[in-house]
> 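So that we are looking at the same thing, I have put the structure below in structure tokens.
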Number of protein chains: 2
Amino acid sequence: MEERQARTAFAALSQETRLRIVRLLVQAGPDGMAAGAIAEAVDVSPSNVSFHLKDLEHAGMIVPRREARSIIYSADFTGLRDLIAFLMKDCCAGHPEICAPALADAQCKPSIKKKKAHA
Amino acid sequence: MEERQARTAFAALSQETRLRIVRLLVQAGPDGMAAGAIAEAVDVSPSNVSFHLKDLEHAGMIVPRREARSIIYSADFTGLRDLIAFLMKDCCAGHPEICAPALADAQCKPSIKKKKAHA
DNA sequence: TCCTCATTTCAATGATTGTTGAATTATAGG
DNA sequence: CCTATAATTCAACAATCATTGAAATGAGGA
């Protein structure tokens with residue numbers, strides 16, 4: 001991932017409404033949610049949510065698809081993963097010995113216990 | 001890491017000069033660099049670099065220490081790691097099976113081959 | 001003490017970004 | 001074809017953020 005693209009992604013995630021949308025869509029998984037449902041969930045106006053969705057889409061954090069009258073957005077897991085990889089490379093490229101052990105702690109393990117997913 | 005703190009970190013990293021500073025300091029390692037040297041390296045005015053350094057410090061991405069007449073900044077590897085962990089949790093909490101395998105690819109391994117570190 | 005170097009602070013200005021509500025496009029059903 | 005629903009676009013305004021240069025602080029050496 002290029003630096004410029006990473007910056008766009010960071011900017012997208014730095015805004016309260018947008019970060020909440022991303023987290024919501026990650027929880028929602030590949031099924032995603034309609035724009036209207038997202039607006040309701042994060043409690044902002046349709047036009048405002050549309051503005052933020054466009055920004056997130058441009059940043060490669062979410063992906064849209066049309067389904068009947070609705071437009072369904074879902075998390076772009078590839079984009080999210082690339083951003084994590086960018087950060088990790090940045091962190092590790094210089095001095096792996098510093099952060100490698102610490103990172104193990106934050107590892108993504110499928111053996112994770114599922115909680116009552118909520119928000 | 002709390003959402004609010006994560007947003008502050010994302011905002012800090014979303015700005016060109018600041019992201020360049022962080023990457024520079026990660027490369028520099030624990031020794032860090034003096035504010036003036038950073039200013040020269042990223043080619044911005046002293047007052048401007050000071051503004052950005054303060055922002056990065058506030059975001060928990062870098063850490064300062066005085067050394068004689070200089071103030072030396074170094075990457076806050078703990079802060080960086082926490083941010084990565086936040087992103088990974090977000091990504092994995094909902095659907096680990098989606099991103100776990102993909103993330104393995106981006107893993108931080110001490111066995112990483114060192115390239116002619118550049119940017 | 002006085003002078004210099006390193007950095008920060010301040011106030012002003014310009015540039016970006018977020019929010020709002022009204023108007024528009026697109027899809028489905030009667 | 002007309003109406004209703006779902007979402008986006010647009011223009012205006014408010015708010016936040018970045019940059020600049022000048023002035024202030026703080027540390028060390030003559």
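Note that this is a predicted model, so its numbers are computed, not measured. Quick note on labels: first sequence line is chain A, next is B, and so on, each numbered from 1.
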> Measuring to OP1 and OP2 of C:dT19, would you say a side-chain N or O of A:His52 lies under 4.0 angstrom away?
yes
> Quick one: on DNA chain C, does B:Pro46 or A:Ala11 contact a more 5' nucleotide (nearest heavy atom)?
B:Pro46
> Considering only heavy atoms, which members of residues 32-43 of chain A lie under 4.0 Å from some atom of DNA chain C?
none
> Determine, stepwise, if the pair A:Arg4 / A:Arg7 fulfils side chain to side chain contact (heavy atoms under 4.5 Å, CB included).
CA-CA 5 Å; A:Arg4 181 149 174 60; A:Arg7 268 196 285 118; 4.0 Å; yes
> So what does B:Ser70 touch, heavy atoms closer than 4.0 Å: a base, only the sugar-phosphate, or nothing?
sugar-phosphate
> Would you indicate whether the side-chain heavy atoms of A:Arg18 and A:Leu13 approach each other to under 4.5 Å?
no
> Let me confirm one number: the CD-OG1 distance from B:Gln5 to B:Thr8, rounded to the nearest 0.5 Å.
7.0 Å
> Polar-atom pairs under 3.5 Å, protein N or O versus N or O of nucleotides 25-30 of chain C: list them with distances, or write none.
none

> Would B:Arg66 and B:Ile71 count as a side chain to side chain contact (heavy atoms under 4.5 Å, CB included) if you check the C-alpha gap in whole Å, the side-chain angles of each, and the deciding distance to 0.1 Å?
CA-CA 4 Å; B:Arg66 180 172 276 279; B:Ile71 293 181; 3.9 Å; yes
> Tell me what A:Thr17 touches on the nucleic acid: a base, only sugar-phosphate, or nothing, going by heavy atoms under 4.0 Å.
nothing
> Could you tell me the separation between the CG atom of B:Asp55 and the P atom of C:dT9, rounded to a whole number of Å?
13 Å
> CZ of B:Phe51 versus P of C:dA15: gap in Å, rounded?
16 Å
> Please say yes or no: joined through hydrophobic side-chain contacts below 4.5 Å, possibly via intermediate residues, are A:Leu19 and B:Leu87 part of one cluster?
yes
> Whole angstrom is fine here: how far is it from CD1 in B:Ile62 over to P in C:dT7?
13 Å
> Quick one: B:Phe10 CZ to C:dT17 P, roughly how many Å, whole number?
18 Å
> Could you walk me through whether A:Ile21 and A:Leu25 pass the side chain to side chain contact (heavy atoms under 4.5 Å, CB included) test, one step at a time?
CA-CA 6 Å; A:Ile21 291 173; A:Leu25 291 181; 3.9 Å; yes
> Mind calculating the distance between CG (A:Asn48) and C1' (C:dA22) to the nearest angstrom?
15 Å
> Assigning hydrophobic clusters by single linkage (Ile, Leu, Val, Met, Phe, Trp, Tyr; side-chain heavy-atom cutoff under 4.5 Å), is A:Phe77 placed with A:Met61?
yes
> Checking side chain to side chain contact (heavy atoms under 4.5 Å, CB included) for the pair B:Thr17/B:Phe51: CA distance, chi angles, key distance, verdict?
CA-CA 11 Å; B:Thr17 301; B:Phe51 170 82; over 6 Å; no
> Would you please confirm or rule out a distance under 4.0 Å between OP1 or OP2 of C:dT19 and any side-chain N or O of A:Gln15?
yes
> Take the protein atom CZ of A:Arg18 and the nucleotide atom C1' of C:dT16, then report the distance between them rounded to whole Å.
12 Å
> Is any side-chain heavy atom of A:Val22 less than 4.5 Å from a side-chain heavy atom of A:Val26?
yes
> Between which nucleotides of DNA chain D, 5' to 3', does chain A make heavy-atom contacts below 4.0 Å?
D:dA4 to D:dT9
> What's the CZ-C1' distance between A:Arg7 and C:dT16, to the nearest Å?
14 Å
> In the structure I gave you, are the side-chain heavy atoms of B:Met1 and B:Lys89 within less than 4.5 Å of one another anywhere?
no
> Can you confirm whether A:Leu24 sits close enough to A:Tyr73 that some side-chain heavy atom of one is under 4.5 Å from a side-chain heavy atom of the other?
no
> With no hydrogens and no angle check, is any side-chain donor or acceptor of B:Ser50 less than 3.5 Å from a backbone partner on B:Ser47?
no
